Number of protein chains: 2
Amino acid sequence: MAQDRNTEELIIEAAKKIFVKRGLAGARMQDIADEAGINKAMLHYYYRSKDKLFEIVFNEAIGKVIGRLGTVLSQPMPILEKIPAIVESYIDGVMEAPYLPMFVLNEINQQPEMFLQRLKTQGNFPNILLFLKEIVEAGKQGQIKEVSPIQLLLNILSLCVFPFVARPMVQGILQLDSVQYNMIMEDRKKVITEVIFAWIKA
Amino acid sequence: MAQDRNTEELIIEAAKKIFVKRGLAGARMQDIADEAGINKAMLHYYYRSKDKLFEIVFNEAIGKVIGRLGTVLSQPMPILEKIPAIVESYIDGVMEAPYLPMFVLNEINQQPEMFLQRLKTQGNFPNILLFLKEIVEAGKQGQIKEVSPIQLLLNILSLCVFPFVARPMVQGILQLDSVQYNMIMEDRKKVITEVIFAWIKA
DNA sequence: GTCTATAGCTGGATAGAC
DNA sequence: GTCTATCCAGCTATAGAC
């Protein structure tokens, strides 16, 4: 148990777990309280309302999913080294919290305004836009083929993230157990890099 | 208005709209009734409960998303012609109902049991498994490179579906309006085929 | 700060008139 | 078959004792 930590943190940890699993609409304050091993009233004492609590969890989740992307995209490396690095570190990151992408994507779809609001306040992830320029530059210099930078970004993201978002579906259809699926995900680091390289090699 | 159609259909249409938008937990029977232009009591008269109504909508949605995939995967064509056909027809299909994939994926994540149950009753999409064998075969015959068929399937699916699932997020970050995004999606048909071909060409 | 008890509301479901 | 009125469970949120 994590009884040694203070109540505020206990609540946030529990809230993450429940919100990520059930979403805003499906989550119950009682479940969060149970998960934290405390009383329902404490949730309101510390965080006032369900919405406020959700906002904290959601913002942190966005930070993890998108922020991490920004970080890895902005490592100063030649593009041909950077792409495998992006793939590897992003997949590793997602594997640590495999349900986070689905949660973030779904809640953004539910409340696009909330997300757009957040974008305004905290800047538009300049690292990502910078990465796009880098692609164009590398194309002009002949390091890679000249491709649409947005399509390239979409391709990398799609190949890395989708298999986690669709995991229960794919696992069900193809009758794979968890061990098999994890192996496939591990293989993907190599596969994705191969696929992208095959496409952009000059 | 579709007042000429019978009430049962009106309800289903309305239920689709609301469930797909809000999910099972977020949808309100009142909203479905309003959308259908009828009374809340009628929903229960025709479909007994929210869960029953949801099941109908959900099953139809799965059928569209996965069933369509099975259909297109099983067209009798040489593999190198089939892949562009798959990509084109699947993207066109998704563009008609862009929120369906997110809905299906999210609800499967929420209730994997319900989905696995459905798989048992209606067979395991044999078309999809057949497609995997076809890939292996084409690899052995040297029509394409020998690649993992599951990875290939995952790649195609990822590249086609993810951009729709992540649309609000990507659009927000890259500051794109809907017209621009639709053009990008239109371009993708070509891009995806290029990417896959670059990877598997013998 | 933490708990119990409960207010107040929302939303799914039903009864019963027409 | 369709409506209004209403029930009742479940949920967020708060009051108040300790």
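Labels below follow one simple rule: chain letters A, B, ... track the order of the sequence lines, proteins then strands, and each chain is numbered from 1. FYI, side chains are in, hydrogens and waters are out, and symmetry mates aren't considered; it's all heavy atoms of this structure. Predicted, not measured: the structure shown is a model, and the values here were computed from it.
Across all strands, B/Tyr46 comes closer than 4.0 Å only to sugar-phosphate atoms, never to a base (heavy-atom distances). A/Ala33 comes within 4.0 angstrom of no nucleic acid atom, judged by non-hydrogen atoms across all strands. If you check every strand for non-hydrogen atoms under 4.0 Å, A/Met42 touches a base. Contact annotation for A/Ala27: backbone-only contact, meaning every heavy-atom pair under 4.0 Å involves sugar-phosphate atoms and none involves a base.
Between the CE atom of B/Met29 and the C1' atom of D/dA9 there is a distance of 16 Å, given to the nearest Å. Rounded to whole angstrom, the span from the CG atom of B/Leu53 across to the C1' atom of C/dA13 amounts to 13 Å. Taking atom CG of residue B/Asn39 and atom C1' of nucleotide C/dA17, one finds them 14 Å apart after rounding to whole Å. The CD1-P distance, from B/Ile11 to D/dG1, rounds to 11 Å in whole Å. Between the C1' atom of D/dT12 and the CG atom of A/Asp51 lies a distance of 10 Å, rounded to the nearest Å. When the C1' atom of C/dG11 is taken as reference, atom CG of B/Asp31 falls 10 Å away, rounded to whole Å. Whole-Å rounding puts the A/Gln30 CD to D/dA13 P distance at 13 Å. Between B/Arg28 atom CZ and C/dG11 atom P the separation is 5 Å, expressed in whole Å.
Remark: the backbone N or O of A/Ile91 is not paired with any side-chain donor or acceptor of A/Lys189 at under 3.5 angstrom.
Considering only side-chain atoms of B/Lys50, the nucleotide from C/dT14, C/dA13, D/dT12 that sits closest is C/dA13.
Between B/Thr7 and D/dT2 there is a side-chain N or O to OP1 or OP2 distance below 4.0 Å. For A/His44 and D/dT14, the shortest distance from a side-chain N or O to OP1 or OP2 is not below 4.0 Å.
For the residue pair A/Arg22/B/Gln110, the side-chain donor-acceptor check at 3.5 Å is not satisfied. If you check the side chains of A/Gln30 and A/Asp34, you find a donor sitting under 3.5 Å from an acceptor.
For C/dG12, its base sits under 3.5 Å from the side chain of B/Lys40 at one donor and acceptor pair at least.
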TODO: Using the ring pair (Phe, Tyr, Trp, His ring centres under 6.0 Å) rule, take B/Tyr99 and B/Phe103 through it: C-alpha gap first, then chi angles, then the decisive distance, then the call.
DONE: CA-CA 6 Å; B/Tyr99 294 105; B/Phe103 170 65; over 10 Å; no
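Looking at heavy atoms from C-beta onward, B/Val147 lies out of side-chain contact with B/Asn155 at the 4.5 angstrom threshold.
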